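Before anything else, here's the structure in question.
Numbering of residues begins at 1 and proceeds along the displayed sequence. Indexing begins at 1, ligand by ligand and atom by atom, following the structure's order. This structure is a prediction, so every number in the text was calculated from the model and none was measured.
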Amino acid sequence: MTEKKHHVIAIDGPSASGKSTVSKKLAQVMGYLYVDSGALYRGMTWKMLQENVDIHDTEVVIAKMDEIQWDFFIKDGSVWFSIDGTDPGQEIRGEAVRENVAIIATIPEVRAFIGEQLRNMRHFGNIVMEGRDIGSVVFRDSPYKFYIDADPQERARRRCKDIVQLEGQSNVEEVFNSLKRRDEIDSSRKTAPLQIVDGARVLDTTGMTIDEVVERIASALTQDGLSCEA
Ligand code: DC
């Protein structure tokens with residue numbers, strides 16, 4: 001099988017650290033596919049909310065999870081998915097999903113299921129995958145691990161800008177508090193908490209432009225022996 005030879009670049013870090021934009025751009029520069037692992041947690045949450053599942057009732061969530069049909073495909077340079085035949089699109093970025101996804105992501109069975117889907121994506125080709133546990137759990141054996149962080153106030157400002165674009169308005173303080181809540185859940189959960197693993201290269205992106213961050217990672221990867229497409 002050839003899929004073992006496909007490279008996986010793991011980019012982990014907290015919400016709004018800039019890792020999505022950086023990962024997408026890095027994937028373009030490298031000629032790799034981009035995978036947003038958080039989108040699967042969001043997709044799962046979206047489906048549960050659609051089905052009126054009480055997300056705090058773990059047993060019901062797990063039972064529902066077993067009934068859902070996921071399909072994965074390549075769309076615009078990313079590995080994307082549909083759930084029961086529907087592409088959830090931007091709905092996974094809305095407030096309902098945003099406020100509930102961290103709860104869904106604490107369920108070990110959900111993590112095991114999503115982890116398996118993410119590992120299967122290696123069949124599609126070389127990938128840049130962003131998330132919270134990509135270097136620590138999902139692709140622990142990958143030698144290409146990065147941990148991206150930024151000052152919490154800057155992260156709140158960045159996320160606020162995204163929400164304004166999507167929903168027309170936002171409030172930095174509310175976003176800051178919401179990010180803080182989510183960081184706490186993500187870092188303190190028992191299964192696969194957000195952490196910096198051995199071998200991960202840490203980048204504080206506060207005050208850096210996206211291009212500077214991408215350049216830093218791409219040049220580190222070039223030194224590792226990986227080549228960019230461009
Ligand atoms: O990156 P994001 O904000 O779209 O992530 C949404 C949620 O999913 C967030 O609460 C963390 C969780 N998540 C996770 O636990 N593990 C991942 N690999 C990716 C996201």
| field | Salt bridge D36-R42, side-chain N to carboxylate O under 4.0 Å | value |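 Between R42 and D36 there is no salt bridge, as every charged N stays at least 4.0 Å from the carboxylate O atoms.
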
| Applying the side chain to side chain donor-acceptor pair (under 3.5 Å) test to D84, which of K47, Q69, Q50 qualifies? |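 Going through the options one by one, the only one that passes is K47.
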
| For ligand 1, what are the residues with a heavy-atom contact below 4.0 Å? |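 S15, K19, S37, G38, Y41, R42, V101, A102, A105, R111, G131, R132, D133, I134, R182, D186, R189.
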
| Distance from I210 atom CD1 to K19 atom NZ, nearest 0.5 Å? |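 Answer for the CD1-NZ pair, I210 versus K19, is 12.0 Å.
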
| Cationic N near anionic O, under 4.0 Å, R119 to E116 |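 A salt bridge is absent here (no side-chain N lies under 4.0 Å from a carboxylate O).
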
| P14: partners by side chain to side chain contact (heavy atoms under 4.5 Å, CB included), with sequence neighbours left out |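 If we apply the side chain to side chain contact (heavy atoms under 4.5 Å, CB included) test to P14, skipping adjacent residues, the hits are S17, Y147, D149, R155, D183, L194.
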
| request: Taking only Lys NZ, Arg NE, NH1 and NH2, and the carboxylate oxygens of Asp or Glu, determine whether D162 and R93 approach each other closer than 4.0 Å. | output: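 No salt bridge links D162 with R93.
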
